[in-house]
Amino acid sequence: RLVHSLRDVHDAHGGAGGQLDHAAKVQAWVRGQANYTSMSLISIPENRVRSRCSWETYERLLIENSSATSPRFTFDRGWLEIMSPSLEHERTADAIRHLINMLADHFQLDLLGTGSTTFRRADLQRGFEPDASYYLHGAAALRGVQELDLNIHPPPELVVEIDISRSSLGKLELYHA
């Protein structure tokens with residue numbers, strides 16, 4: 001639903017030749033979702049929007065966008081950040097993922113890649129979607145798992161976060177939690 005709505009905003013503002021940048025389009029869409037958030041938005045450079053919202057809203061956004069690879073959502077104790085990765089961001093992430101897989105092959109490591117899986121804990125009111133994540137020591141035990149639950153399963157041992165434009169949320173703190 002979000003992807004279609006962003007496309008509608010894009011088309012409404014003149015498509016590729018429009019005057020709004022992508023972050024402004026995301027902001028316009030979020031402002032139109034009055035039932036999602038009631039607080040004003042803070043614009044963050046390079047395709048990031050930050051807003052106050054409830055855990056329930058965050059979970060609803062995840063469900064409504066479960067089949068989309070973008071945007072990515074990060075939640076930290078009442079703050080929601082919505083990020084749409086740029087081409088530079090994705091190229092860098094792809095190169096790092098490729099390097100990690102080459103090193104794992106070279107050193108014959110049992111590596112389980114979990115991509116940008118959504119990791120969340122309601123009890124901590126925190127959730128994130130890294131650019132890539134991996135299990136090393138726990139790889140064998142998690143191979144058959146279809147749904148990760150951080151209350152049961154360990155967190156990934158390696159998390160990759162590409163930071164082209166500085167996030168306003170402390171991502172390292174989130175990963176540590």
Side-chain angles (χ1 to χ4, degrees), residues 1-13 15 18-87 89-90 93 113-133 142 145-156 159-177:
R1 185 176 136 180
L2 176 59
V3 173
H4 296 291
S5 298
L6 287 174
R7 199 169 292 131
D8 294 341
V9 169
H10 180 262
D11 295 344
H13 293 283
Q19 298 300 310
L20 291 179
D21 64 7
H22 189 69
K25 292 172 191 174
V26 172
Q27 278 187 318
W29 177 84
V30 173
R31 280 192 186 104
Q33 305 301 310
N35 60 329
Y36 285 168
T37 181
S38 61
M39 197 154 186
S40 63
L41 299 172
I42 299 168
S43 180
I44 299 167
E46 300 226 16
N47 305 325
R48 292 181 192 267
V49 174
R50 183 177 178 198
S51 179
R52 291 291 266 163
C53 79
S54 68
W55 179 260
E56 293 74 21
T57 298
Y58 168 65
E59 287 195 320
R60 187 170 53 245
L61 284 167
L62 290 175
I63 291 167
E64 290 177 2
N65 294 281
S66 62
S67 62
T69 57
S70 182
R72 298 208 183 124
F73 301 98
T74 301
F75 188 85
D76 187 12
R77 299 166 291 184
W79 282 102
L80 173 69
E81 183 176 275
I82 303 171
M83 193 271 284
S84 180
S86 66
L87 179 60
H89 180 277
E90 289 301 292
T114 52
S116 57
T117 297
T118 302
F119 296 95
R120 63 184 186 258
R121 293 222 7 218
D123 61 324
L124 298 177
Q125 295 283 291
R126 289 180 157 178
F128 64 92
E129 298 171 328
D131 292 306
S133 54
L142 290 169
V145 173
Q146 296 299 312
E147 181 98 13
L148 285 170
D149 180 347
L150 293 180
N151 292 311
I152 300 168
H153 306 104
V159 171
V160 175
E161 181 64 34
I162 307 302
D163 203 356
I164 300 294
S165 65
R166 190 147 168 68
S167 171
S168 62
L169 297 178
K171 297 261 179 105
L172 290 177
E173 217 180 287
L174 279 171
Y175 300 150
H176 180 68

Report task. Would you mind reporting whether Arg77 and Gln125 have side-chain heavy atoms less than 4.5 Å apart? Result -> yes
Query - Trp79 CH2 to Ser51 OG distance, which is reported to the nearest 0.5 Å - result: 7.0 Å
Requested in this report: Might you point out which heavy atoms bring Glu147 and Val145 nearest each other, and give the distance in Å?
Outcome: O-CG1, 3.4 Å
Report summary line: Rounded to the nearest 0.5 angstrom, the OG1-OH distance for Thr74 and Tyr58 is 7.0 Å
Query - Spacing of Asp163 atom CG and His89 atom NE2 [to the nearest 0.5 Å] - result: 7.5 Å
Query - Pairing residues for Arg120 by the salt bridge (charged side-chain N to carboxylate O under 4.0 Å, His left out) criterion, not counting sequence neighbours - result: Glu59
**Report entry** Heavy-atom check, side chain of Leu80 versus side chain of Leu61, under 4.5 Å
**Finding:** yes
Query raised in the report: Do Phe75 and Arg126 have side chains that get closer than 4.5 Å, going by heavy atoms?
Result: no
Report summary line: Rounded to the nearest 0.5 angstrom, the CD1-OG1 distance for Ile63 and Thr118 is 11.0 Å
Report summary line: The salt bridge (charged side-chain N to carboxylate O under 4.0 Å, His left out) partners of Asp149 (sequence neighbours excluded) come to none
Query raised in the report: Does Asp131 reach the main-chain N or O of Ile162 with its side chain, forming a donor-acceptor pair under 3.5 Å?
Result: yes
Query - Residue list, side chain to side chain contact (heavy atoms under 4.5 Å, CB included) with Thr114, at least two apart or on another chain - result: Leu112, Thr117, Phe119, Ser133, Tyr135, Leu148
Query raised in the report: Nearest 0.5 Å, what's the CZ-OG1 distance between Phe73 and Thr57?
Result: 11.5 Å
Query raised in the report: Taking the side chain as C-beta and beyond, is there a heavy-atom pair between Glu81 and Asp76 under 4.5 Å?
Result: no
Query raised in the report: Is the shortest side-chain N to carboxylate O distance from Glu90 to Arg72 below 4.0 Å?
Result: yes
